Enquirer: 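Pasting a structure below so you can have a look.
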Amino acid sequence: MSKIAAVRFASPLPQLDREYDYLIVEGMSLEVGSLVEVPFGSGKKAKSGVVVELKEDSSHKGELGSITQVLSIHPQTSAKILELCKQVAQRQASTVGEILAAALPKRFVRVEKNISPLAKLESAVSTGVSELAEALLKAKRVHYTPQLIASSDDVPSWALDFANAAKRELQAGKSSLVVLPDYREVRHFELALEHLGLSEFSLKHVSTDNGSARYGNHLLAQISCAINYGTRTACFSAIKDLALIMLWDDGDESHIEQSSPYWNSRDVLLQRQQVEDTHLVIASHSPSAESLRLIDLNYLVALRAKGTKPLVRITDSFTRLDDETFALVSKCLSDGKPVLVQIANLGWASAIACSSCKELRKCPSCQSGIWIDPSGMYRCRNCKQSALLPLCTCGGANTRPIRIGASAIADQFRRSFPNTTILESNGDNPLLSTTASGVLVVATPGAEPDVVGGYDLIVIADAAQMIGAPRLRALEKAVGSWANAISLASKQSLVIFVGLSGVIADQIKDLDFEAIVGGDFQDRLSLGLPPSTRLASVISSNLADFNLLREGLEKSAMLDRLRFLPSADKFCLVLDYQYSDGAELANLLRSLTNLLTAQSKHKRPGERVYRINMDDSKVI
DNA sequence: AGCACGCCGACT
DNA sequence: GTCGGCGTGCTC
């Protein structure tokens with residue numbers, strides 16, 4: 001029996017970011033991952049922590065305290081996950097405690113009393129031939145492009161491929177982990193599990209589930225082999241005999257943690273693959289620039305499923321719905337077939353202008369633009385609140401909409417096709433699926449609902465506008481959202497891209513998403529922009545500490561390898577760095593900000609002086 | 001985060 | 001003299 005336990009606290013504080021050794025009282029049973037209560041600090045106040053190591057002796061010179069009690073014998077996490085937390089903390093210039101806080105679920109004592117292991121899958125059950133599962137026998141890490149359109153049963157191909165690969169592992173007595181961007185894709189994967197009769201062998205890890213269900217599955221994952229699936233926090237679920245990790249649509253922004261320390265599923269799972277020595281699949285209809293980079297480096301082996309693709313029609317029309325497109329929509333609807341129209345902007349209009357002087361109308365309090373939301377309210381882009389519209393500076397009262405949005409387009413369709421069901425779906429008000437037959441759906445990118453049998457016509461009405469957005473990843477994001485929309489097509493579907501010409505039009509003809517994203521990737525490579533490099537950002541809470549940080553970096557040994565980029569935010573420092581310098585930069589930023597935070601004259605309770613993001617995709 | 005220690009100004 | 005202000009630093 002070990003005598004000493006090293007304990008860690010799930011706290012973001014850098015002062016507490018280390019292991020503390022405690023004596024294990026005789027007769028106490030615990031293991032790595034157990035939750036314990038220990039006396040801590042000068043007041044010997046009880047504090048709960050996680051056992052991270054069992055050992056015989058301590059390097060600590062002073063006297064050791066004793067563990068007061070074992071709160072839960074059930075391990076909350078595993079040694080491998082603790083190692084993963086350390087590595088992620090290192091890369092994100094964060095603390096282990098902060099990552100650990102993300103890795104530990106909320107505890108529900110009652111759940112611990114009645115957990116029983118999951119049933120075992122009979123290994124005799126035959127498995128269908130799966131290209132993906134076959135490829136995994138040959139390569140450790142795979143990038144997978146599934147068949148674009150579902151071949152049957154309205155279950156997406158990728159979800160069936162994932163479930164089949166997971167089934168094969170389960171038959172070999174191994175677990176798998178599937179990480180999905182959002183609830184929609186969770187539902188798709190569940191459909192595949194149901195289709196293959198695997199539901200009872202699976203464990204769901206999503207934050208929207210009630211806490212006790214989630215905690216129960218968290219504990220079960222460590223004692224039963226299963227198909228584990230969930231959204232991004234599932235990246236840190238401790239799993240028994242994990243052999244396969246699969247990530248769907250790694251370019252989706254839902255995979256990025258929005259609060260400090262801003263980790264993302266792809267980076268965490270790439271590290272987890274190494275820590276746990278598992279197989280890894282990163283899959284999407286349209287590749288992310290990062291995964292193309294990993295294929296280029298031969299870190300991922302590319303695999304593409306064969307399959308039919310819908311017909312494509314491209315118009316270089318400046319209007320979103322030219323006469324010919326409109327006629328095709330009309331024809332489809334009169335045949336009782338479902339139609340999808342993807343519109344980039346939400347609401348009735350993106351902006352409004354004065355009818356007399358043509359000036360854009362601004363918010364009276366902050367001078368930001370005003371748009372019209374789906375309920376028809378005038379809203380300021382900055383203060384987000386509904387704005388009462390005052391008279392224009394020229395005295396004019398009338399306005400006209402600039403760039404009408406999805407609600408206005410849906411309204412036009414309602415007038416053109418009074419006998420057709422017109423549905424709207426957007427991120428704020430998503431429609432997951434519809435069963436109507438002759439339906440016309442107007443959706444914003446990422447909110448396209450499923451329809452039974454698939455859409456027979458899909459109109460990407462804002463193709464030109466989406467690729468022209470002044471953002472670094474505009475093209476990659478646009479193509480990704482087109483691919484996902486088109487994956488909802490029926491087998492005899494037609495896809496219309498409005499407003500495209502030139503090289504992109506040539507590439508989109510064959511729905512060769514990889515060629516488009518790849519070309520964009522090469523362009524960025526030659527410009528030295530992400531993902532060939534990365535952008536780190538540090539937001540300071542005040543000007544004095546912002547200047548101290550900048551001075552500190554300018555005096556550092558890394559100065560010649562860093563590039564300072566201009567930033568719109570006033571206290572935001574943006575740095576461009578090479579992947580190979582990432583670990584060193586993270587260390588530098590962490591030690592520098594820790595030092596400056598300790599000395600800061602401007603810190604306020606509860607507020608961080610510096611917020612570090614080692615991979616900021618929003619910054620330019 | 002807490003909590004003690006410590007080194008300066010105002011007070012019975 | 002000594003009570004208490006909160007800046008600095010440590011917690012196994």
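It should be emphasised that the depicted structure is a prediction, and the values quoted were computed from it without experimental measurement. Convention: sequence-line order gives letters A, B, ...; per-chain numbering from 1.
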Enquirer: For a quick check of understanding: with a heavy-atom distance under 4.0 Å over all strands, which category does A:G65 fall into, base, sugar-phosphate or nothing?
Expert: sugar-phosphate
Enquirer: Whole Å only: how far is the NZ atom of A:K55 from the P atom of C:dC12?
Expert: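 Taking NZ of A:K55 and P of C:dC12, I get 14 Å after rounding.
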Enquirer: Taking the six-membered ring of A:Y299, is NZ or CZ of A:R141 closer than 6.0 Å to its centre and within 45° of its axis?
Expert: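 Flagged: A:R141 positioned over aromatic ring of A:Y299.
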Enquirer: Run the salt-bridge test on A:K55 and A:D21 with the 4.0 Å N-O cut-off and return the result as yes or no.
Expert: yes
Enquirer: Could you state the atom-to-atom distance from OH of A:Y22 to P of C:dT11 in whole Å?
Expert: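 Rounding to the nearest Å, OH of A:Y22 and P of C:dT11 are 10 Å apart.
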Enquirer: Are A:R534 and A:E290 ion-paired here, with the side-chain N under 4.0 Å from a carboxylate O?
Expert: no
Enquirer: How long is the line joining CG of A:D17 and C1' of C:dC12, in whole Å?
Expert: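 That distance rounds to 15 Å.
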Enquirer: Find the distance A:E63:CD to C:dC10:P and express it as a whole number of Å.
Expert: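 These atoms are roughly 19 Å apart.
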Enquirer: Between A:F9 (CZ) and C:dC12 (P), how many Å, whole number?
Expert: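 Going from CZ in A:F9 over to P in C:dC12 covers 8 Å.
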Enquirer: Cation-pi check, A:K47 to A:F9: give yes when NZ or CZ is under 6.0 Å from the six-membered ring centre and within 45° of the ring axis, no otherwise.
Expert: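 Output yes; distance and angle both within limits.
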Enquirer: State which residues pass side-chain contact (heavy atoms from CB on, under 4.5 Å) with A:A221; sequence neighbours excluded, sorted by chain then number.
Expert: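 Partners of A:A221 by the side-chain contact (heavy atoms from CB on, under 4.5 Å) criterion, ordered by chain and then number, come out as A:L203, A:H205, A:N228, A:I239.
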Enquirer: Starting from P on C:dT11, measure out to CG on A:L64 and report it in whole angstrom.
Expert: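 Going from CG in A:L64 over to P in C:dT11 covers 12 Å.
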Enquirer: Parallel, tilted or perpendicular: which fits the ring planes of A:Y215 and A:H218, with parallel below 30° and perpendicular above 60°?
Expert: parallel
Enquirer: What pairs of nitrogen or oxygen atoms, one from the protein and one from nucleotides 1-8 of chain B, lie under 3.5 Å apart?
Expert:
none

